[in-house]
Amino acid sequence: MITLLKILIADDEAPARNRLRDLLSEIQNTSVVAEAKNGKEAIELATETKPDLMLLDIRMPLMDGLEAAQHAQKFEPRPNIIFTTAYDVYAIKAFDLNAIDYLLKPIRLERLQTAIDKAHALKPKQIDALKPLQKIRSHLSIHERGRVLLVPVDDMIYLRAELKYITVRTIEREYLLEE
Amino acid sequence: MRKNSRLPNLHNLGIHLRILLIVNLLAVLAALLLSQQFDEFLPLLAELSAVIQPIILLSMLILYVLYPLLSKLQYWQGLFAIVLLEMLISAFVVLLITRYFSFEVVTIPYRVIVLAGIVTAIVLYYFYLQQRAYSPAIAEARLQALQARIRPHFLFNSINAVLSLIRSHPKRAETALEDMADLFRVLMAENRELVPLEKEIALCKQYLSIESLRLEDRLKINWQLDNMPTKALIPPLILQPLLENAVYHGIEPMPEGGEIVVAIRVKHKELHIDISNPYVSENSHHSGNKMALKNIKERLHLHFDLEASLNSQANNNRYSVHIRLPYETD
């Protein structure tokens with residue numbers, strides 16, 4: 001039986017998403033399960049659709065692709081991640097240093113095909129390497145009953161350390177943070 | 001070789017010609033000062049020349065040969081080496097000449113050596129000043145280079161957007177490519193002359209229509225041009241880079257997009273241009289923003305000196321740029 005590769009696309013620009021979808025329609029055994037307009041939406045949709053692969057644009061409003069990739073590491077099973085970017089000198093330099101796969105826009109069909117063929121999950125070490133590229137984190141991700149919740153840093157009132165856990169307090173409720 | 005050294009290019013004929021001229025002028029000056037009466041002047045000058053010319057010719061030859069070596073030194077080391085070299089050469093020539101001839105003026109060799117050092121320093125100072133005088137031309141060339149630089153981010157994203165249109169909306173893709181061609185024609189042209197305001201506005205509208213392909217209804221523009229003098233002359237590419245900044249820093253980071261306001265009016269014989277965009281302080285501002293502003297400021301200064309100004313400020317979640325320049329028409 002051929003397994004279908006479930007793919008999530010995240011890009012804030014509709015034409016860029018359309019283009020990726022067009023290209024993916026020409027690659028066998030792939031199916032686009034979700035399209036997100038920013039990193040936050042990508043994580044939320046990924047919780048529902050459990051994609052095998054996430055194609056993340058780097059520069060997105062609300063939450064960028066780098067932060068989304070970091071939160072996605074908590075999913076079980078962990079999705080593969082490929083970054084897409086138009087032009088970002090610093091990011092490209094960092095990627096070259098750490099050999100993380102990324103696609104340069106405009107993306108070619110053949111290039112996308114090879115990336116999907118060899119798609120492999122980022123190793124935790126590689127995720128750490130992305131940290132210096134990131135702005136200050138906009139969200140904390142909280143693992144709860146098999147789901148990943150995103151809590152905006154702006155909404156937090158306080159953090160309380162309790163033995164090995166940290167309690168995050170917002171107006172609505174409390175969360176347990178395991179980071 | 002020339003690039004890494006600030007020393008005058010000693011392989012250049014013009015430089016040698018100038019050296020000849022300056023040194024001989026100084027010789028004339030010396031002869032004038034030394035001669036008590038006018039009929040002493042010419043014989044004195046001839047005598048001085050007899051010593052100076054061999055020194056200059058020998059120096060030029062030696063400097064020409066040694067230039068590749070000298071230019072590898074640091075600037076001050078090079079200067080020092082040249083002065084020392086000249087003193088050695090003049091010492092050698094004076095010793096050689098006084099052996100065979102006797103001159104009134106060069107009875108004391110050390111005097112000639114010190115004078116040679118001073119004259120060399122004067123010549124080198126002249127070249128230093130000349131270099132400084134030429135640097136505005138270099139600055140202008142740099143400005144030209146800066147001006148032509150469009151954000152690569154914009155180029156690749158636009159191409160990507162056009163590619164996505166080709167299958168579904170071939171007509172729109174066509175228009176988009178035409179707009180891009182027009183935009184790049186202006187960006188790559190030598191933009192020295194002032195252009196009518198309406199031309200710059202037309203260019204901005206083409207640029208924004210390309211951007212709205214990918215940003216769609218996130219990008220909203222509010223043009224306030226009712227009192228705009230269409231024939232007013234402004235330096236080209238003053239508005240477009242500011243709009244590019246507004247899109248990059250004000251619209252792209254917003255999930256719902258926002259509105260860019262462009263207002264242009266004339267007041268007291270002055271043209272006022274205001275551009276504002278939404279702004280969130282937590283977004284890291286790239287240095288590219290400041291570079292574009294600095295570049296426009298410099299160009300305004302070049303065209304209008306103190307009669308033009310550019311100010312920018314951020315408040316109430318909006319970032320605004322104000323340009324003031326003299327109202328000129330043909």
Side-chain angles (χ1 to χ4, degrees), chain A residues 9-26 35-42 44 55 57-68 84-92 102-109 111-112 132-139 152-154, chain B residues 149-173 175-177 179-180 209-219 244-245 247-258 277-289 291 317:
Chain A
I9 297 172
D11 197 308
D12 58 325
E13 296 169 12
R17 293 196 299 271
N18 296 344
R19 164 113 178 119
L20 266 178
R21 206 187 326 104
D22 281 352
L23 292 177
L24 286 168
S25 70
E26 288 176 28
E35 288 186 27
K37 290 200 286 288
N38 55 59
K40 189 167 177 277
E41 215 177 283
E44 284 160 1
L55 290 172
D57 181 29
I58 292 182
R59 226 179 98 89
M60 288 188 287
L62 269 182
M63 182 195 286
D64 64 19
L66 300 172
E67 187 178 341
T84 63
T85 185
Y87 185 91
D88 192 332
V89 200
Y90 305 107
I92 291 169
Y102 64 91
L103 298 171
L104 284 177
K105 293 185 210 171
I107 295 160
R108 282 170 181 275
L109 180 63
R111 184 69 186 81
L112 183 62
L133 285 177
Q134 238 178 23
K135 312 182 285 190
I136 307 154
R137 261 214 263 172
S138 61
H139 292 74
V153 173
D154 290 344
Chain B
R149 195 181 294 165
I150 190 157
R151 212 167 254 142
H153 168 84
F154 163 70
L155 174 65
F156 292 116
N157 271 325
S158 309
I159 292 176
N160 200 37
V162 174
L163 275 173
S164 74
L165 286 175
I166 285 177
R167 296 184 201 197
S168 48
H169 303 89
K171 280 257 164 61
R172 278 182 69 194
T175 321
L177 281 179
D179 283 343
M180 273 174 82
S209 82
I210 299 169
E211 288 288 41
S212 62
L213 275 185
R214 53 190 194 93
L215 297 168
E216 299 177 313
D217 46 14
R218 280 164 71 199
L219 177 60
E244 201 176 323
N245 264 345
V247 168
Y248 189 84
H249 298 287
I251 305 299
E252 285 184 19
M254 308 288 179
E256 303 305 325
N277 58 267
Y279 164 82
V280 267
S281 53
E282 65 198 67
N283 275 299
S284 56
H285 259 234
H286 291 254
S287 54
N289 175 31
M291 207 167 77
N317 293 326

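Values in this document were obtained by computation on a predicted structure and should not be read as measured data. Because only heavy atoms are used, hydrogens play no part in the values below, and waters and symmetry mates are left out as well, while side chains stay in. Below, chains carry the letters A, B, ... as their sequence lines are ordered, and counting in each starts from 1.
Using a 4.5 Å cut-off between heavy atoms, B/L165 makes no contact with chain A at all. Contact of A/L104 with chain B is not made at all, since no heavy-atom distance falls under 4.5 Å. For A/K105, the parts lying under 4.5 angstrom from a heavy atom of chain B are both the backbone and the side chain. With a 4.5 Å cut-off on non-hydrogen atoms, B/E216 touches chain A through its side chain but not through its backbone.
Of the listed residues (A/N18, A/L23, A/L62), the one with the most heavy-atom contacts under 4.5 Å to chain B is A/L62. Interface summary for chain A: among B/A161, B/S168, B/P255, the most heavy-atom pairs under 4.5 angstrom belong to B/P255.
Contact check on B/R167 versus A/E26 returns a salt bridge, with a Lys/Arg side-chain nitrogen under 4.0 Å from an Asp/Glu carboxylate oxygen.
B/S164 and A/D22 get closest at one heavy-atom pair: O-OD2, 4.4 Å.
Contact check for B/R218 versus A/P61: side-chain heavy atoms found under the 4.5 Å cut-off.
Once rounded to the nearest 0.5 Å, the distance linking CG of A/D11 with CG of B/N160 reads 8.0 Å. One finds the CD1 atom of B/I166 at 8.0 Å from the CZ atom of A/R19 (value rounded to the nearest 0.5 Å).
Heavy atoms of other residues, nucleotides or ligands lying less than 6.0 angstrom from CZ of A/R108 number 12 at most.
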